[in-house]
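Computed from a predicted structure; not experimentally measured. Letters A, B, ... mirror the listed sequences (proteins, then strands); counts begin at 1. Because only heavy atoms are used, hydrogens play no part in the values below, and waters and symmetry mates are left out as well, while side chains stay in.
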2 protein chains.
Amino acid sequence: MFDYLVIGMVLHEELTGYDIKKRIEQGIGHLYKVSHGQLYPALKKLTAKGYLTMNEQMQGKMLKKYYMATEAGKAVFLDWLSAPFDPNTDGDNYLVKIFLLGELPKEIRTKRLQEYEFYTQQLLGQLQVVEKQLSTENLSDREYFELSAFYFSYQLLQNTTHWIQYIKEERPLAGFLQNEGD
Amino acid sequence: MFDYLVIGMVLHEELTGYDIKKRIEQGIGHLYKVSHGQLYPALKKLTAKGYLTMNEQMQGKMLKKYYMATEAGKAVFLDWLSAPFDPNTDGDNYLVKIFLLGELPKEIRTKRLQEYEFYTQQLLGQLQVVEKQLSTENLSDREYFELSAFYFSYQLLQNTTHWIQYIKEERPLAGFLQNEGD
DNA sequence: TCCCTCATGTAAGTAGTTACATGATTTC
DNA sequence: GAAATCATGTAACTACTTACATGAGGGA
């Protein structure tokens, strides 16, 4: 998963390890952490496997290593990204896949987003059933805060569903946050 | 962190490993995963350290092991939970701490929630600055989906802030999801 | 001159997953 | 009688974090 994300960063441009880390952080850094102790060995491994090429360049006294995906790298990346949504492996970190989804042709992309949407709506339905069975009155402190975590999950799922519906239609992002209430 | 969560589950009642896993999953299972290959060794370790007691009981032909926190266990748990909010260690998984927050006296609890709120609002402010500098027109497919991930983070942070404000005041949970738009 | 960012790497240790392994109880 | 759930454990492997280690470049 992390390997695919790395390959996905260097499909169209040469980047250094440092750049790759920054790009990931700028996009999904609030929800996905990368340490450089994880990244540099991964770059080595992916280069050895033939999924990346490495191109050393001197800049002043600094030796920089620029990486880019090979054809083999692009192929395994697209295989991974094209695969149908699987709650077991994609349930967490679906955000990573969506972050990269622009690399897929529109038809496949839409299909994948429909699967994500279906999945989140199913989950939401399950939480709605649970929610109806809950008693939210006369709660102890303990119960109040335990339940608050449930409501947090519930809210998150609602908003995720809303977001997927929005981007599935590729509606303009500028209006995304304003339209919360519609 | 996981260790404290486990101790937190058995402060007031004896539970089996299996029960502990279920309780965690029911509360925060959508956002925090527990494997039993992680739990059973942890129960052993925490018992060896003197933070839990273990009490074996035969039920039919099944040997069940009931765990409960010792005074030492309760002490380290409360130390951990009472500690001021630290973005480095609590930034992720603040949900775990809030899940257990009912164990703290109201004053400390409120102080901790104010810290969480302050932190999320600061982050939100940062994202607002970034958002204003973004151009969201004439995006390539690639750029559209990369940015969509940014907006997801943004939305999440907005909702988290809203949620923290809500539970800080201990307002009735039943009304939480309805009041999205106010 | 100092500090921050850029830039790359290793290595020890920690944590976690997955599969292996087994068997009882309950529900349909 | 089959399937799902209850119940506990180990062990190999994988992944990740953290600290160690080094140094250049740019701006105040």
key: Nearest-Å distance for atom pair OH/P, residues Tyr40(B) and dT22(C)   = 17 Å
ask   = Would you say the side chain of Met54(B) lies within less than 4.5 Å of the side chain of Lys44(B), judging by non-hydrogen atoms?
value = no
inquiry  = If I take atom NZ in residue Lys61(A) and atom P in nucleotide dG26(D), what distance separates them, rounded to the nearest angstrom?
reply    = 12 Å
query = For Lys22(A) and dC6(C), is the shortest distance between a side-chain N/O and OP1 or OP2 below 4.0 Å?
reply = yes
ask   = How about Phe99(B) and Ser148(A): do any of their side-chain heavy atoms sit closer than 4.5 Å?
value = no
note = His36(B) NE2 to dT5(D) C1', in whole Å, measures 14 Å
task = Would you classify Gly17(B) as touching base, sugar-phosphate or nothing, given that sugar-phosphate means primed atoms plus P, OP1 and OP2, and contacts are heavy atoms under 4.0 Å?
result = sugar-phosphate
message = dT8(D), OP1 or OP2 - any side-chain N/O from Lys21(B) closer than 4.0 Å?
response = no
request  = Give Asp19(B) one of three labels, base, sugar-phosphate or nothing, depending on what nucleic acid heavy atoms sit under 4.0 Å from its own.
outcome  = sugar-phosphate
message = Nearest heavy atom decides the nucleotide; on that basis, is Met62(A) or Gly60(B) closer to the 5' end of DNA chain C?
response = Met62(A)
query = Under 4.0 Å between a side-chain N/O of Lys44(A) and OP1 or OP2 of dT10(C), yes or no?
reply = yes
message = Can you identify which nucleotide, out of dG9(D), dT10(C), dT10(D), has its nearest atom closest to the Pro41(B) side chain?
response = dT10(D)
task = Figure out the CG/P separation between Leu46(A) and dG9(C), and round it to whole Å.
result = 13 Å
task = Write down the distance between OH (Tyr18(B)) and P (dG23(C)), rounded to a whole number of angstrom.
result = 18 Å
task = Verify whether the ring centers belonging to Tyr119(A) and Phe85(A) lie closer than 6.0 Å.
result = yes
ask   = Rounded to the nearest Å, what distance is computed from the NZ atom of residue Lys65(B) to the C1' atom of nucleotide dT10(D)?
value = 13 Å
inquiry  = A cation-pi test, strictly: NZ or CZ of Lys97(A) under 6.0 Å from the centre of the six-membered ring of Trp80(A) and no more than 45 degrees from its axis. Yes or no?
reply    = yes
ask   = With sugar-phosphate meaning primed atoms plus P, OP1 and OP2, does Asn88(A) contact a base, only sugar-phosphate, or nothing at under 4.0 Å between heavy atoms?
value = nothing
query = OP1 or OP2 of dT17(D) less than 4.0 angstrom from a side-chain nitrogen or oxygen of Ser35(A), does that happen here?
reply = yes
remark   = Heavy-atom nearest nucleotide on DNA chain D taken for Gln38(A) and for Lys64(B); more 5' hit belongs to Lys64(B)
Leu39(A) CG to dA15(D) P, straight-line distance once rounded to whole Å = 15 Å
ask   = What is the distance, rounded to the nearest whole Å, between atom CD of Gln59(A) and atom C1' of dC6(C)?
value = 11 Å
request  = Fit a plane to each ring of Tyr166(B) and Phe176(B), take the angle between them on a 0 to 90° scale, and name the class: parallel (under 30°), tilted (30 to 60°) or perpendicular (over 60°).
outcome  = perpendicular
